[in-house]
Enquirer: 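Encoded as structure tokens, here's the structure I'll be asking about.
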Amino acid sequence: MADLAIIGGTGLTTLKNLEITRREVMRTPYGEPSGPLLHGKLCHQDVIFIPRHGRGHTIPPHMVNYRANIWALREAGVRDVIAVAAVGGIREDMLPGRLAIPDQIIDYTWSRRHTYFESELSEVTHIDFTEPYSEKIRNLLITAARDLNQQVIEGGVYAATQGPRLETAAEIDRLERDGCSIVGMTGMPEAALAREMGLEYAHCAVIANRAAGRGTGPISMGDIEENLTSGMERVRSLLETAIPHL
Ligand code: HPA
């Protein structure tokens, strides 16, 4: 049984070196996850992989069934989650192709099903979310990067926006004033749901582009794709270095 799950984001719909042993179709009280859970071995460790946007990358960020995905992972016995996510870089050092392990989140999403605690409760339930990410998983990723001599940016504030459109330049100015360093569309409610389920969860963010108004001219989808291709290669080697230490 796998303790660890990897949630793949845009650019990471497959894990090349994962030897898949089983595909598990799960049903949950919240509907269907983004696809079957892929059980397999990565670096001799049992791992479950699920691509957040579906195998063919067809589920947009606001339509992902985050509750079903996290529920399915917990049901499968997972305790640790590495969530890979493509982001735009707001802060100056958040340059395309780099990786970041954020330590805070601000949630700007709306009307997503964002909690398990909404009906049939014996009492109103709150979770502590002061530190939204697991220090254990963050440190694992940061240590792996140091071992590899690979640069990752340690820390940063992830702004979770609604999507699927990218932001306006003024919206990015506002996020910057709020203290955000990177921006993506899938970080919430995923991180909060993982906390509600008691999972250790952290983000491995891959910077795909300079955020709106931070580069020269419009954001090019071709450039995003190119940066994600090189960034995800780095993610793969980071995962393969980190996982044996779990
Ligand atoms: N904004 C939001 N989400 C993103 C971006 C961005 O610029 N790039 C990749 N995901």
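Values below: every heavy atom of this structure, side chains too, minus hydrogens, waters and symmetry copies.
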Enquirer: Linking I/L/V/M/F/W/Y whenever their side-chain heavy atoms sit closer than 4.5 Å, directly or via other members, would Val47 and Leu199 fall into one cluster?
Expert: no
Enquirer: Would you find more than 12 non-hydrogen atoms of other residues, nucleotides or ligands less than 6.0 Å from His114 atom NE2?
Expert: no
Enquirer: Is there a side-chain contact between Asp46 and Asp3, using heavy atoms and a 4.5 Å cut-off?
Expert: no
Enquirer: At their closest point, which heavy atom of Pro132 faces which heavy atom of Asp103, and how far apart are they?
Expert: CD-O, 3.8 Å
Enquirer: If hydrophobic clusters are built from ILVMFWY residues whose side chains come within less than 4.5 Å, do Ile6 and Leu193 share one?
Expert: no
Enquirer: Return the CG to CD distance between Asp93 and Gln151, rounded to the nearest 0.5 Å.
Expert: 8.0 Å
Enquirer: Can you get from Val235 to Val81 by hopping between Ile, Leu, Val, Met, Phe, Trp and Tyr side chains that sit under 4.5 Å apart?
Expert: no
Enquirer: Does any pair with a residue in residues 12-37 pass ring-ring contact (aromatic ring centres under 6.0 Å, His included), and if so which ones, sequence neighbours excluded?
Expert: Tyr30-Trp71, Tyr30-Tyr116
Enquirer: Let's go through Arg174 and Cys180 carefully: what are the C-alpha distance in whole Å and the side-chain angles of both, what is the deciding distance for side chain to side chain contact (heavy atoms under 4.5 Å, CB included) to 0.1 Å, and is it a yes or a no?
Expert: CA-CA 9 Å; Arg174 171 191 169 208; Cys180 299; over 6 Å; no
Enquirer: Let me confirm one number: the CG-CD1 distance from Asn209 to Ile219, rounded to the nearest 0.5 Å.
Expert: 5.0 Å
Enquirer: Under 4.5 Å between side-chain heavy atoms, counting indirect links through other Ile/Leu/Val/Met/Phe/Trp/Tyr residues: same cluster for Ile48 and Leu42 or not?
Expert: no
Enquirer: Quick one, Ile153 and Ile101 - any side-chain contact, counting heavy atoms below 4.5 Å?
Expert: no
Enquirer: Calculate, to the nearest 0.5 Å, the distance between atoms NZ and CD belonging to Lys41 and Glu19 respectively.
Expert: 8.5 Å
Enquirer: Would you say that more than 12 heavy atoms from the other residues, nucleotides or ligands in this model lie under 6.0 Å from the CD of Gln150, or not?
Expert: yes
Enquirer: Hey, is the main chain of Glu123 close enough, under 3.5 Å, to the side chain of Thr125 for a donor-acceptor pair?
Expert: yes
Enquirer: Would you mind listing the cluster partners of Val183? Hydrophobic ones only (ILVMFWY), side-chain contacts under 4.5 Å, chaining allowed.
Expert: Ile90, Ile106, Tyr108, Val157, Ile172, Leu175
Enquirer: Are the side chains of Leu38 and Thr21 in touch, meaning some heavy atoms are under 4.5 Å apart?
Expert: no
Enquirer: To check you understand the geometry: which heavy-atom pair defines the closest contact between Ala192 and Ile127, and what is its length?
Expert: O-CD1, 3.8 Å
Enquirer: Should we count CD of Glu24 as having more than 12 external heavy atoms under 6.0 Å?
Expert: yes
Enquirer: Enumerate the residue pairs fulfilling salt bridge (charged side-chain N to carboxylate O under 4.0 Å, His left out) with a member in residues 200-224, sequence neighbours excluded, ordered by first and then second residue.
Expert: Asp173-Arg214, Glu176-Arg214
Enquirer: Output the distance between atom CD (Glu135) and atom CD (Glu131), rounded to the nearest 0.5 Å.
Expert: 7.0 Å
Enquirer: Of all residues at least two apart in sequence or in a different chain, which pass the side-chain hydrogen bond (donor to acceptor under 3.5 Å, both in side chains) check with Thr186?
Expert: none
Enquirer: I'd like to check the side-chain hydrogen bond (donor to acceptor under 3.5 Å, both in side chains) partners of Thr109; sequence neighbours left out, ordered by chain and number.
Expert: Asp107
Enquirer: For Tyr201 and Glu190, test the side chains for any donor-to-acceptor distance below 3.5 angstrom and give the result as yes or no.
Expert: yes
Enquirer: Which heavy atom in Leu228 sits nearest to a heavy atom in Ala86, and how many Å separate them?
Expert: CD2-CB, 3.7 Å
Enquirer: Would you say Val64 and Met185 make side-chain contact, with heavy atoms under 4.5 Å?
Expert: no
Enquirer: Any ring-ring contact (aromatic ring centres under 6.0 Å, His included) involving residues 32-53? Give me the pairs, sequence neighbours left out, ordered by first then second residue.
Expert: His53-His57
Enquirer: When rounded to the nearest 0.5 angstrom, what distance separates OG1 in Thr10 from CD1 in Ile224?
Expert: 9.0 Å
Enquirer: Please collect all salt bridge (charged side-chain N to carboxylate O under 4.0 Å, His left out) contacts where either partner lies in residues 141-153, sequence neighbours excluded, each pair once.
Expert: Arg146-Glu154
Enquirer: Just grab all the ring-ring contact (aromatic ring centres under 6.0 Å, His included) pairs involving residues 148-199, residues at least two apart or on different chains.
Expert: Tyr158-His203
Enquirer: For Val206, is there any backbone N or O sitting under 3.5 Å from a side-chain donor or acceptor partner on Arg234?
Expert: no
Enquirer: Could you list all the salt bridge (charged side-chain N to carboxylate O under 4.0 Å, His left out) pairs where at least one residue sits in residues 108-120, not counting sequence neighbours?
Expert: Arg67-Glu118, Arg113-Glu118
Enquirer: Taking the side chain as every heavy atom from C-beta outward, state whether Ile207 and Asn227 have any atom pair closer than 4.5 Å.
Expert: no
Enquirer: Kindly write out the residues that satisfy side-chain hydrogen bond (donor to acceptor under 3.5 Å, both in side chains) with Thr130, not counting sequence neighbours, or none if the list is empty.
Expert: Asp128
Enquirer: Has Ser34 got a side-chain atom pairing as donor or acceptor with Arg52's backbone, closer than 3.5 angstrom?
Expert: yes
Enquirer: For Gly11 and Met232, which heavy atoms make the closest approach, and how far apart are they?
Expert: O-CG, 3.3 Å
Enquirer: Evaluate Glu75 against Thr28 for side chain to side chain donor-acceptor pair (under 3.5 Å), listing each step before the verdict.
Expert: CA-CA 9 Å; Glu75 277 295 291; Thr28 81; over 6 Å; no
Enquirer: Please determine whether side chain to side chain contact (heavy atoms under 4.5 Å, CB included) holds for the pair Leu141 and Val152, giving the CA-CA distance in whole Å, both sets of side-chain angles, and the decisive distance to 0.1 Å.
Expert: CA-CA 9 Å; Leu141 293 168; Val152 297; over 6 Å; no
Enquirer: With a 4.5 Å limit on heavy-atom distance, are the side chains of Ile105 and Tyr133 in contact?
Expert: yes
Enquirer: If you look only at pairs with a residue in residues 218-246, which of them pass as a ring-ring contact (aromatic ring centres under 6.0 Å, His included), with sequence neighbours excluded?
Expert: none
Enquirer: If only side-chain N and O atoms count, and only distance matters, is there a donor-acceptor pair under 3.5 Å linking Glu196 with Thr115?
Expert: yes
Enquirer: Would a hydrophobic clustering, with Ile, Leu, Val, Met, Phe, Trp and Tyr connected at side-chain separations under 4.5 Å, put Ile50 with Leu246?
Expert: no
Enquirer: Where do Gly89 and Ile182 come nearest, in terms of heavy atoms and distance?
Expert: CA-CG2, 4.4 Å
Enquirer: Looking only at atom types and distance, does a side-chain atom of Arg79 sit under 3.5 Å from a main-chain N or O of Ala2, one as donor and one as acceptor?
Expert: no
Enquirer: Looking only at heavy atoms, which two atoms of Cys204 and Leu238 are closest? And how far apart?
Expert: SG-CD2, 4.0 Å
Enquirer: Please tell me if the side chains of Tyr66 and Pro61 come closer than 4.5 Å, counting only heavy atoms from C-beta onward.
Expert: yes
Enquirer: Tell me, do Ile7 and Ile70 make a side-chain contact under 4.5 Å, heavy atoms counted?
Expert: yes
Enquirer: Looking at SG of Cys43 and CG of Asn17, how far apart are the two atoms once the value is rounded to the nearest 0.5 Å?
Expert: 7.5 Å
Enquirer: Looking at residues at least two apart in the chain, or sitting in another chain, which of them share a side chain to side chain contact (heavy atoms under 4.5 Å, CB included) with Glu233?
Expert: Lys16, Arg236
Enquirer: Side chain to side chain contact (heavy atoms under 4.5 Å, CB included), that's the test. Do Met221 and Leu166 meet it? Break it down for me.
Expert: CA-CA 11 Å; Met221 299 307 140; Leu166 297 169; 3.6 Å; yes
